[in-house]
Amino acid sequence: MILKRTLENPLLRPNPANAWEALNVFNCAVVYENELFHMLYRAQGKDRVSSIGYAVSRDGVHFNRLQQPVLAPCDERDSLGVEDPRVTYLADERRFIMAYTAYSPQGITPYFAESRNLITWKRIGPLVTGEDNKDHVLFPQKINGRYVTFHRRVPDIGLAFSEDFENWTDFQSLVMPRPGNWDCKRVGAGGPPIETEQGWLCIYHGCDDDNVYRLGSFLLDLDDPGRVMARSKGFLIEPAESWELKGDVPKVVFSTANPVVDGKVYVYYGGADHVIGLATCTIDELMDFTLHG
Ligand code: BMA
């Protein structure tokens, strides 16, 4: 397994002192900016409604949290929760884009929000409405004049494109489950794609028939992200620690963040939908595993 768990794991646990994060803290976005790791994490209270909290760290391991969520349900579109944030920095526009799942009695909707400071978030609209779609995450720059996002129409990872960030078109399937494999039932994107000379390096989750969630990786063409150039045969990590095997949902490692700092990939993930863990490798190791592992 190429990802090495950090000794301090789990990094974040539920906080009984705050009702909104008393039950679970798990899937999180992490952005490295101004020499700080900024974490936006999904938190659940005992009512199981999710909000998004903020925590910050100098070393990527020890985090201090705000006492209030930075994004919480606010109307009928998300009355049951805001879930699974993935944050991308659009450097050209100096704004952060959060992709998150809005949950309501009508179902789930993949939404976007924007921020200039990672604390104050403004909703800017859905990727698509009226369908079962989530696990979306924006690419960090336009490609051939268009924004590009991953999304998930069950069971595949897909792409969609937009010129104006409002109208999303050309929905297509890109990475599918592999029968008989660890990712045979469903797949979904992880954190934002990592730009390398060889292509967009991406981490994803795969689920098998026993609902075990593991992480794998693939590589996309830089100019034509609809072209898959490589995909890892094996997985990068699978549930093995007690806090990955047991929690709110058993046997889950689910990543929504993979910032790269000084050549090291920091893979943050929810452990059993209950706590937050970290595992790392070098970018070279991740590339090598994607191509050959
Ligand atoms: C997915 C999402 C995640 C969750 C995962 C494992 O479908 O709902 O929020 O972490 O399942 O339970």
Side-chain angles (χ1 to χ4, degrees), residues 1-6 9-14 23-28 41-44 48 50 80-81 83-86 100-101 103 107-108 110 131-137 150-158 173-191 202-219 228 230-258 265 267-281 286 289-290 292-293:
M1 223 136 354
I2 68 151
L3 280 176
K4 301 276 179 296
R5 290 175 179 82
T6 300
N9 277 337
L11 305 187
L12 236 68
R13 297 174 188 272
L23 186 67
N24 297 309
V25 299
F26 51 128
N27 308 334
C28 64
Y41 61 96
R42 176 175 173 189
Q44 273 182 328
R48 297 205 162 261
S50 294
L80 295 180
E83 305 182 344
D84 296 354
R86 293 165 167 90
Y100 66 98
T101 307
Y103 184 30
I108 55 165
E131 64 171 58
D132 179 357
N133 194 318
K134 63 195 313 193
D135 294 335
H136 55 308
V137 56
F150 283 130
H151 64 89
R152 208 278 299 282
R153 275 182 174 157
V154 182
D156 305 337
I157 298 172
S173 276
L174 184 70
V175 174
M176 294 81 166
R178 292 178 291 198
N181 214 322
W182 58 270
D183 52 3
C184 61
K185 188 171 171 189
R186 271 196 309 271
V187 291
C202 308
I203 294 178
Y204 74 99
H205 65 261
C207 172
D208 70 10
D209 286 331
D210 297 323
N211 291 320
V212 179
Y213 281 76
R214 301 176 175 86
L215 302 180
S217 57
F218 57 84
L219 183 71
V228 182
R231 179 171 175 183
S232 65
K233 283 192 199 70
F235 45 81
L236 304 169
I237 190 169
E238 70 174 338
E241 299 287 322
S242 59
W243 49 274
E244 300 165 343
L245 296 168
K246 281 193 192 145
D248 205 36
V249 179
K251 300 182 191 163
V252 175
V253 294
F254 190 93
S255 177
T256 38
N258 40 240
V265 190
V267 179
Y268 293 89
Y269 59 96
D273 284 6
H274 184 58
V275 295
I276 293 174
L278 169 65
T280 63
C281 65
L286 182 59
F289 189 81
T290 308
H292 312 292

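Below, all heavy atoms of this structure are taken into account, side chains as well, without hydrogens, waters or symmetry copies. Computed from a predicted model, the values in this text were never measured in an experiment. One is the number of the first residue; the rest follow in order along the sequence.
For the salt bridge (Lys or Arg N to Asp or Glu O under 4.0 Å) with D208, the lone residue among R214, K185, R186, K251 that qualifies is R214. Put simply, the residue from W243, Y269, F26 that forms a side chain to side chain contact (heavy atoms under 4.5 Å, CB included) with P10 is W243.
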* Run the ring-ring contact (aromatic ring centres under 6.0 Å, His included) check on H205 and F254 step by step: do they pass? -> CA-CA 6 Å; H205 65 261; F254 190 93; 4.3 Å; yes
* To do: Start with the C-alpha distance between D273 and R42, add both sets of side-chain angles, then the distance that settles salt bridge (Lys or Arg N to Asp or Glu O under 4.0 Å), and finish with yes or no.
  => CA-CA 10 Å; D273 284 6; R42 176 175 173 189; 5.8 Å; no
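Counting heavy-atom neighbours within 6.0 Å of Y103 OH, excluding the residue itself, gives a total of 12 or less. In this structure, R178 places its CZ atom where more than 12 heavy-atom neighbours from other residues, nucleotides or ligands lie under 6.0 Å away.
With salt bridges taken as basic N to acidic carboxylate O contacts below 4.0 Å, one links E244 and R5. Between D183 and R231 there is a salt bridge, since at least one side-chain N of the basic residue sits less than 4.0 Å from a carboxylate O of the acidic one.
Between the side chain of T256 and the backbone N or O of C28 there is at least one donor-acceptor pair closer than 3.5 Å. A distance-only check finds a donor-acceptor pair linking the side chain of R86 to the backbone of A189 [under 3.5 Å]. Between the S255 side chain and the Y268 main chain, a donor and an acceptor come within less than 3.5 Å of each other.
Side-chain contact between F150 and C202: present, with at least one pair of heavy atoms (C-beta onward) separated by less than 4.5 Å. At a threshold of 4.5 Å between non-hydrogen side-chain atoms, the residues P177 and D156 count as touching. The side-chain heavy atoms of V267 and I203, taken from C-beta on, include a pair separated by under 4.5 Å.
Of the N and O atoms on the side chains of E238 and Y213, not one donor lies less than 3.5 Å from an acceptor on the other residue. No hydrogens or angles considered: nothing links the side chains of H274 and D248 as a donor-acceptor pair under 3.5 Å.
Closest heavy-atom contact between L236 and L286: CD2-CD1, 3.8 Å. In terms of heavy-atom proximity, P239 sits nearest to L245 at O-CD2, 3.7 Å. In plain terms, the two heavy atoms of S232 and Y204 that are nearest each other are O-OH, 4.5 Å.
Taking CZ of R48 as the start and CG of L80 as the end, the distance is 12.5 Å to the nearest 0.5 Å. Going from atom CG of L219 over to atom OG1 of T290 covers 7.0 Å, rounded to the nearest 0.5 Å.
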